[in-house]
Every structure is written in C-alpha cells, then in structure tokens.
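Taking it in order: structure first as structure tokens, then the write-up.
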Amino acid sequence: MSEPVLFIDDQDRYDRLRLISWWDQERIRAARVLVVGAGALGNEVVKNLVLLGIGTIYLIDFDLIEASNLSRSVFFRDSDCGQPKANVLASRARELNPDSCVVPIHGNVMLEVGIGLIKSLDVVVGCLDNREARLWVNRLCWKANVPWIDGGIQELSGVVKVYTPPDGACYECTMTANDYRLIQLRYSCPLLKREDIQAGRVPTAPTIASMIGAWQVQELLKLLHKLPTDSGTALVFNGLSNHSYKSKLPRRDDCLSHETYEHIHQSSFTHQATVAEICAWGQQLAGQELSISLDRDWVEAMTCDSCHDQEKIERPALSVSHGEAICKCGQVRRPLMRCEIPPTAAFQSLTLSTLGIADWDIIKLRSTDGQEWHVGLEPMEKGIHPALPCSNPAATTSSRGHGHER
Ligand SMILES: [Zn+2]
Ligand SMILES: [Zn+2]
C-alpha cells in the first residue's frame, strides 16, 4: 500500500478544501440547504455556503433592504435599498460562485415553505431574529425529519444550536412559559400585527454575525460528512469575556414539536387543488369522509358585534393585519377562526392555497374519530426545485411576496 499522494491543482477552485482529509466535495455539491433569513447572519451563512460550492441553496426572507442593514451585510449595496433581501443576496451570491444554485423566495417562511420542500433538503439553517419563526421552522423540520441549525446574535455575543430530529432536544423543548406568553401576546389582539413580528431589531455587530454564521456552516459541514455534532446542545460564545461553553439542552417529553410524519401518501395535487378534490381523494384512500386539519388558525370571516356587518376573509390569521380587524363603524371586529375544514358547501370550492397551505406542503386529513392521514402535495413549478446541476438560476427566481407588502 502506498501513501496517498497529495496532488496540488491550483486551477481547481476547491483544491485547498479537497486537501482536508475527510473532505467530500461531491457530497457538498449534491447538498440541498435552506437558509431562513437574509439579514446579517444570512449574508454570512450564504457567503460561506457558496464559497464551499454547496449545490442548491434556497433562501427565504420577506424583508426589503434598508440603509441600516448595510453595516452588517456583505452582499448589500446602497443602491439595493428597497429591494427584496432574498433576491439581491441570491444574485450576488451566484456571482461569488456560479457552481451554487441559489433560489430566492421573497416571502414569509411561515406561509411559503411546505414540508415537502423541507423533506427534500439535507439541512435547514436558521438566521432568524424572532421566536415565532424559529418555532415554526422547528416544527417543519421535526415533521420532515431534517436537521436544522439555529443561530442567534446580540451585540458581540452569539449562540449556535444544532437540532437533529427525531432525537434530542428541539427548539420548543427549551421554550419557557414567558416565551409562549410573548408569542401568544401577538396572537391575542385578536390577530397578529404584521409590524410586530419585525420588532426584533437586535443590536449586533458584523463581526459576531461572521463568527456565528461561520460556526453554523461548520456544523453543517459536519452533518453533511456524518461527523459527530453537538446535537441538542447550545454552543454559546460571549464576545466581551471571550468565554465560550456548551450547554446540553433538556429534552421535554410533552413537547408539542415532536411530531414526525412517518408515512406519507403522495398525491398528484398541488396546493391549487380544491378542498372538494383533496377530500374526495382522501375518502378513496381512507374509506370514510375526511376533513382538512390545519396547523394554525384560518380566518373565515370577520363580524362586527356593533353594526352586525360581516365580511368574508378566507386567509390564514398570520396574513391578516390588525388594521383589517377595524370595522367601518370603528369597532374591532371578531374573527371567525377555523382549523378544521370539512368538504361542505361553504369550503369545497376553496383551494388549499386559500387555506394558507404552502406550495409543496404535506397536509393532514382527519376522520371524525381522530385518525390522521398525511398527504404529500406536488410543487407548483418543478423548475424552482431543480435537480442538479442548476442550469439557469436567474430564470427560476420566484417572487411571492403577497400578503406582506410594506
Ligand atoms: Zn421539543
Ligand atoms: Zn361595525
């Protein structure tokens, strides 16, 4: 047996990476990753992912670029202000390395990302600044059984957490009563106030964004190479004291996030199918009548107790703003919320999309006795979910910003 020869090829973009003993550039090229959030952390994470040559990177953010982002976001320029963060970051990232296919989604992760997309991925990287979105991403990843790496930064400090369902602790396991209270607060008035979700204007420096973003990507590399990771552990760095430590997170057995979809019945429907179509198909499958069970409230209508005016809304509560709850007469209207949709006359012609079901989602059908069937939907455009290699990313850009314009 001869020693492996180290062959240096300066013309190969990935040569210095390939010299790492355990490195598998083909594995990295085949990898599919979703980055949630295109702010300071998202910029740093995407920078590292494209330098490494990660094959497919989905990037979702509903925000637009503002001047205050420019001090911490390496890909944004003054002239980009007012443009969607996801789209600008994706196109600049492709310049850095055309080998990476970066697919931007200008939209809200809580409305636009289906479990089917998550299931097609190797890893999700969270670059978020609020509890609601983290909790949502956590539940999506648990249902899809896909690991996710959460990053958080504040001032000069930060934390990285690697979650690998179905084992170990998840994000929700560590949520305190106060965390739930703060989330509930947003939903209780009675509808989510869109502006509040952005309240997380956390003070941070670009330096800690680089450090934590890099740490997240290093953990991602370990997951891709099946190296040991600190799953279910908080990796904490205090930038003032230069103190860093690991803290094992406790797993909570009654945690609501620990639901993994084991058996999925794949349908040929997209989320443009109607309630009648999917329920009829489900009835064939189950031999009994089924309803669609939503994971969150959907607003059927709003009623005014004062002037008795009623208006059809037919949108997920999440996309209804507080302002819309105000009646013409000035009173606050009462939302009629549902999370169970039967195939009755009132609902049968509605599309799944109208119910707030995302593209490429996996939906839940439920019988009257509480049995559940998980049904996979097909993606709307096969083109935005390309098999490698990605031929023309510019043509596949998706912009789906409805419901959260500013
Ligand atoms: Zn949990
Ligand atoms: Zn009224």
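Any value given below was found using the heavy atoms of this structure, including those in side chains, with hydrogens, waters and symmetry copies removed. Numbering of ligands and ligand atoms starts at 1, following listing order.
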> Does a donor on one side chain and an acceptor on the other come within less than 3.5 Å for Gln348 and Glu277?
Replying inline: no
> Do you see an N/O/S atom of Cys307, backbone or side chain, under 2.8 Å from the Zn ion (ligand 2)?
Replying inline: yes
> How are the rings of Tyr261 and His374 set relative to one another: parallel (under 30°), tilted (30 to 60°) or perpendicular (over 60°)?
Replying inline: parallel
> What is the SG(Cys255)-the Zn ion (ligand 1)-NE2(His258) angle, to the nearest 10 degrees?
Replying inline: 100°
>> Is it the case that the side chains of Asp179 and Tyr171 hold a donor-acceptor pair, with the cut-off being a distance below 3.5 Å and no angle test?
In response: no
>> Given the Zn ion (ligand 2) as the apex, I'd like the angle to SG of Cys327 and SG of Cys329, rounded to 10 degrees.
In response: 110°
>> Measuring centre to centre across the rings, with the benzene-like ring taken for any Trp, is His271 within less than 6.0 Å of Trp360?
In response: no
>> Rounding to 10°, state the angle centred on the Zn ion (ligand 1) that links SG in Cys173 with SG in Cys170.
In response: 120°
